[in-house]
Amino acid sequence: MTVRTRFAPSPTGYLHIGGARTALYCWLQARHHGGQFVLRIEDTDRERSTGDAVRAILEGMQWLGLDYDEGPVFQTGRLDRYRTVARGLLDAGKAYWAYETREQIEAMRAQAKARGEKPRYNGHYRELSAPFREDPNRVLRFKNPLSGSVVFEDAVKGRVEWRNEELDDLVLIRSDGYPTYNFAVVVDDVDMRITEVIRGDDHVNNTPRQINLYQALGAPLPRFAHLPMILGADGQKLSKRHGAVGVMQYREQGFLPEAILNYLVRLGWSHGDQEVFSRRQMVELFEIADVNQSASRFDMAKLSWLNQHYLRSTDPAVLAPELRWHLARDGLDPAAGPAAEDVIVALRERVHTLSEMAQRARVWFAPIAHWDEAAVDRHLRTPAAATALRALHTVLAQLPGWSPQAIHEALAATAEAHALKLGQLAQPLRVAITGTAVSPAIEHTVYLAGRREALARIEAALARTA
RNA sequence: GCUCCCAUCGUCUAGCGGUCCAGGACGUCGCCCUCUCAAGGCGAAAACACGAGUUCGAUUCUCGUUGGGAGCGCCA
């Protein structure tokens, strides 16, 4: 049987980091086994579902490169199907209409709680066989088995057992005629022939009642896999307080999809000591049964490290458009400076994100906005600085080629000719070009400025020497 | 309150009864390299939550305690 997995987010917000990992694992499991991956949008909550959220999810999936074979399927497009299945359950005596008001249900729960039990529905209408009536409070409830227990073998958690007494008769169809989550998921997963239901830990508690539904429908059970949660750095549930939680916000912060995926795949799954996985390797090595059972914390530092790793190992030509996007976002004209590819080569070992790269690249796309006075004092206002800069001006002006290599050689030769250490030349020059004492290797710093601008900045800096 | 789940360095993890006075990675600290900052190299500090049991022997198995998480909706 071919493996079929699905990612089924509800469109009530953007695709957050936890959802992204669930999507990744579903995708990997399908790809690893040569099966199919389905995207389903669970939009039966009419109050909170929005079109913007749908777009955000699709955009996030695309950015991460998690392609699906079927979908997106919208549950609101399948309402007739849920009603048909519900009717079947009703006719088979496996479901019944109940008419309690919300207040009555609430009172029921309060009572149960007072008795030290779980708050649940007491099954009042279950055996009443009251004649059907139109009523604004009318809901269709499932006749959950009263005794026995539900046992399932979770692919990540192992054996999980639940006594039916703990479960109450869940609502299948709401008073507004829409199906509830627990009902719609089962109908969909059955109809879509999903073989492995991979989802967040927060759904384990729903699984036994869903299994009872599968059985009432006479449908084969899929394999279940519940992924442990991803917590914030403080060990608390991820929330907006933890900074960027939407996947597209990570793009804005300058992260690469490869880094996010690599980070996520290692959060709860491992393959020996290996830390870096290409997409191919993930697909090749991933197996849902190897996923950990305990929750993990989101660690920005490690993500940053991976991001830099991919910044350094990805072809600059591939990264260039993305860097230009960040430059433009910072209000700079990507065409008003050096080639993005050259900037990437110069900076990729010094930054962790593309947005940081764009910020550091500002110095080649706009005039020096701020002079680091300490650096000026230390490297420009020295007796040797003026001499050094004048010599460099001459040399650079006459340099036959304009490349980092040529500049490097010219600097080395100049240093030698004046019996100076390279640093005595490089630091004044660095301050002259950038206004600060920190920048990429001096030959790149100069090269990126372009000959014309480099000479102009040296002249301007000369005015600042003592 | 009730039910379910989880528990190895700060973080992510390896470990599937002896190979572990516990290995790797990120982070931290030190040294080297060096034109600054990085990157890189080398090195260091850093963990089996606790208590019983099973066993010749437990990080590994069982139970309990503690701690954390999830759920108990006409939300998903």
Side-chain angles (χ1 to χ4, degrees), chain A residues 8-12 42-45 47-49 75 98 100 102 105-106 109 112-121 137-141 154 157-158 160-163 165-168 170-182 184-185 199-208 226 228-229 231 233 235-237 263 266-276 292-306 308 312 347-352 360 375 379 408 411 415 421-431 434 436-443 445:
Chain A
S10 65
T12 54
E42 311 223 319
D43 56 351
T44 52
D45 184 349
E47 311 266 292
R48 293 190 289 174
S49 298
Q75 289 190 321
E100 281 90 356
R102 304 202 188 222
I105 303 271
E106 216 150 294
R109 294 206 180 96
K113 219 165 172 177
R115 285 195 302 268
E117 291 168 15
K118 255 196 222 189
R120 9 175 288 174
Y121 176 66
N137 291 313
R138 177 212 65 195
V139 296
L140 189 69
R141 284 188 183 268
D154 192 281
K157 293 187 171 306
V160 178
E161 181 168 2
W162 224 283
R163 293 200 318 282
E165 290 95 284
E166 298 294 334
L167 276 22
D168 63 356
L170 76 158
V171 170
L172 264 23
I173 301 289
R174 304 189 255 229
S175 52
D176 64 3
Y178 276 65
T180 56
Y181 162 75
N182 279 301
V185 208
R199 69 215 327 185
D201 221 348
D202 44 339
H203 291 285
V204 208
N205 305 278
N206 291 319
T207 307
H226 290 97
M229 314 247 48
L231 275 25
Q236 297 298 110
K237 196 173 174 175
Y263 178 70
R266 281 287 287 107
L267 211 55
W269 174 85
S270 60
H271 183 257
D273 286 339
Q274 190 172 343
E275 295 288 349
V276 175
N292 279 179
Q293 309 175 58
S294 51
S296 46
R297 299 185 188 210
F298 189 81
D299 182 15
M300 206 55 169
K302 188 156 183 185
L303 208 211
S304 288
W305 171 74
L306 275 166
Q308 185 185 52
R312 291 199 292 157
L347 278 169
R348 61 184 174 183
E349 290 188 354
R350 287 151 229 275
V351 298
H352 290 92
R360 301 259 315 251
H379 301 293
H408 177 80
L411 288 188
K421 299 211 323 192
L422 190 55
Q424 294 174 286
L425 229 47
Q427 282 308 82
L429 183 55
R430 171 168 281 119
V431 178
T434 69
T436 77
V438 176
S439 82
I442 192 63
E443 61 267 30
T445 301

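Naming: A, B, ... by sequence-line order, numbering from 1 per chain.
The base of B:C2 is not paired with the side chain of A:Glu166 by any donor and acceptor separated by under 3.5 Å. Taking 3.5 Å as the limit, the base of B:C6 and the side chain of A:Ser294 contain no donor-acceptor pair of atoms between them. Side-chain to base pairing of A:Asp202 with B:G71: no donor and acceptor N or O lie closer than 3.5 Å to each other. Between the side chain of A:Glu275 and the base of B:G24, at least one donor-acceptor pair of N or O atoms lies under 3.5 Å.
In this structure a side-chain-to-backbone donor-acceptor pair under 3.5 Å is present from A:Arg266 to A:Gln274. In this structure a side-chain-to-backbone donor-acceptor pair under 3.5 Å is missing from A:Ser270 to A:Gly272. In this structure, A:Gln308 contributes its side chain and A:Glu349 its backbone to a donor-acceptor pair below 3.5 Å. For the pair A:Asn292 (side chain) and A:Ser294 (backbone), a donor-acceptor distance under 3.5 Å is absent. One N or O on the side chain of A:Arg297 and one on the backbone of A:Ala233 form a donor-acceptor pair closer than 3.5 Å.
The base-pairing partner of B:A58, taking Watson-Crick or G-U wobble contacts with both distances under 3.5 Å, does not exist among the strands shown. When both pairing distances are held under 3.5 Å, B:C29 makes a Watson-Crick or G-U pair with B:G43. Within the shown strands, B:A70 is the pairing partner of B:U3 under the Watson-Crick or G-U definition, both distances less than 3.5 Å. Here B:U65 sits opposite B:A49 as a Watson-Crick or G-U wobble pair (both hydrogen-bonding atom distances under 3.5 Å). Using N1 to N3 plus N6-O4 or O6-N4 for Watson-Crick, or N1-O2 and O6-N3 for G-U wobble, each under 3.5 Å, B:A22 pairs with nothing.
Of the candidate nucleotides B:G1, B:G10, B:C35, B:C35 has the atom nearest to the side chain of A:Glu443. Considering only side-chain atoms of A:Lys118, the nucleotide from B:C26, B:C74, B:C72 that sits closest is B:C72. Nearest nucleotide to the side chain of A:Thr44, out of B:G73, B:U11, B:A76: B:A76. Among the nucleotides B:C74, B:C35, B:C4, the one closest to any side-chain atom of A:Asn137 is B:C74. Closest contact between the side chain of A:His352 and the listed nucleotides B:U11, B:C5, B:A39 involves B:A39. Ranking B:A76, B:G23, B:C35 by closeness to the A:Leu422 side chain, first place goes to B:C35. When distances run from any side-chain atom of A:Pro119 to the nucleotides B:U11, B:U3, B:C72, the shortest one goes to B:C72. Nearest nucleotide to the side chain of A:Met229, out of B:A70, B:C72, B:U36: B:A70. The side chain of A:Trp305 sits closest to B:A25 out of B:C37, B:A14, B:A25. Each of B:A76, B:A39, B:C74 was ranked by its minimum atom distance to the side chain of A:His203; first place goes to B:A76.
We find that CE of A:Met300 is positioned 15 Å from C1' of B:C12, with the value rounded to whole Å. Summarising the geometry, the separation between OH on A:Tyr178 and C1' on B:G73 is reported as 19 Å, rounded to the nearest angstrom. A:Asp273 places its CG atom 8 Å from the P atom of B:G24, with the value rounded to the nearest Å. The CD-P distance, from A:Gln308 to B:A25, rounds to 16 Å in whole Å. Between A:Lys113 atom NZ and B:G1 atom P there is a gap of 10 Å when expressed in whole angstrom units. Protein atom CG of A:Asp168 is 7 Å distant from nucleotide atom P of B:G73, rounded to whole Å. If you measure from atom CZ of A:Arg163 to atom P of B:C72, you get 18 Å, rounded to the nearest angstrom. Straight-line distance from the CD atom of A:Glu117 to the P atom of B:C2: 11 Å, rounded to whole Å.
Between B:C61 and B:G15, the distance separating the two C1' atoms is 15 Å to the nearest Å. Rounded to whole Å, the separation between the P atoms of B:U8 and B:C48 comes to 11 Å. As rounded to the nearest Å, B:A25 and B:A49 have P atoms that lie 23 Å from one another. Atom name P, nucleotides B:A46 and B:G24: the rounded distance is 14 Å, in whole Å. The same atom, C1', is picked in B:G51 and in B:C74; the two are 47 Å apart, to the nearest Å. B:U54 and B:G10 have their C1' atoms separated by 35 Å, given to the nearest Å. Remark: the separation of the P atoms in B:C9 and B:A47 is 9 Å, to the nearest Å. Rounded to the nearest Å, the gap between the P atom of B:G69 and that of B:C21 is 34 Å.
Using a 4.0 Å heavy-atom cutoff across all strands shown, A:Leu267 reaches sugar-phosphate atoms only and no base atom. Across all strands, A:Glu106 comes closer than 4.0 Å to no nucleic acid atom at all (heavy-atom distances). Across all strands, A:Ala437 comes closer than 4.0 Å to base atoms (heavy-atom distances). Within 4.0 Å of A:Pro440, counting heavy atoms only, lies at least one base atom of the nucleic acid. In this structure, A:Ala8 reaches neither bases nor backbone, as no heavy-atom distance under 4.0 Å exists between it and the strands shown. Using a 4.0 Å heavy-atom criterion, one finds that A:Val139 contacts the bases of the nucleic acid, with or without backbone contacts as well. Counting any heavy atom pair closer than 4.0 Å across all strands shown, A:Arg48 reaches a base atom.
Between A:Asn182 and B:G73, a side-chain N or O to OP1/OP2 separation shorter than 4.0 Å is absent. Between A:Gln293 and B:C6, a side-chain N or O to OP1/OP2 separation shorter than 4.0 Å is present. Dashed line: the shortest gap from a side-chain N or O of A:Arg141 to OP1 or OP2 of B:C74 is under 4.0 Å. An OP1 or OP2 oxygen of B:G71 is reached within less than 4.0 angstrom by no side-chain nitrogen or oxygen of A:Arg199. A close approach under 4.0 Å does occur between a side-chain nitrogen or oxygen of A:Arg312 and OP1 or OP2 of B:G40. Under 4.0 angstrom from either OP1 or OP2 of B:C12 there lies no side-chain N or O belonging to A:Ser296.
Looking only at atom types and distance, the side chain of A:His226 has a donor-acceptor partner in the side chain of A:Arg199 under 3.5 Å away. For the 3.5 Å distance criterion, the side chains of A:Ser175 and A:Arg138 fail to qualify, holding no donor opposite an acceptor.
Closest-nucleotide positions on RNA chain B for A:His408 and A:Arg266 were compared, and the one nearer the 5' end corresponds to A:Arg266. Residues A:Asp201 and A:Tyr121 both approach RNA chain B. Their nearest nucleotides, taken by heavy-atom distance, put A:Asp201 toward the 5′ side.
Among the candidates A:Leu172, A:Asp176, A:Val171, A:Ile105, the single residue satisfying the side-chain contact (heavy atoms from CB on, under 4.5 Å) test with A:Val139 is A:Val171.
The pair A:Lys157-A:Asp201 counts as a salt bridge, with a side-chain nitrogen and a carboxylate oxygen less than 4.0 angstrom apart. Here A:Glu166 pairs with A:Arg163 in a salt bridge; the nearest charged N to carboxylate O distance falls below 4.0 Å.
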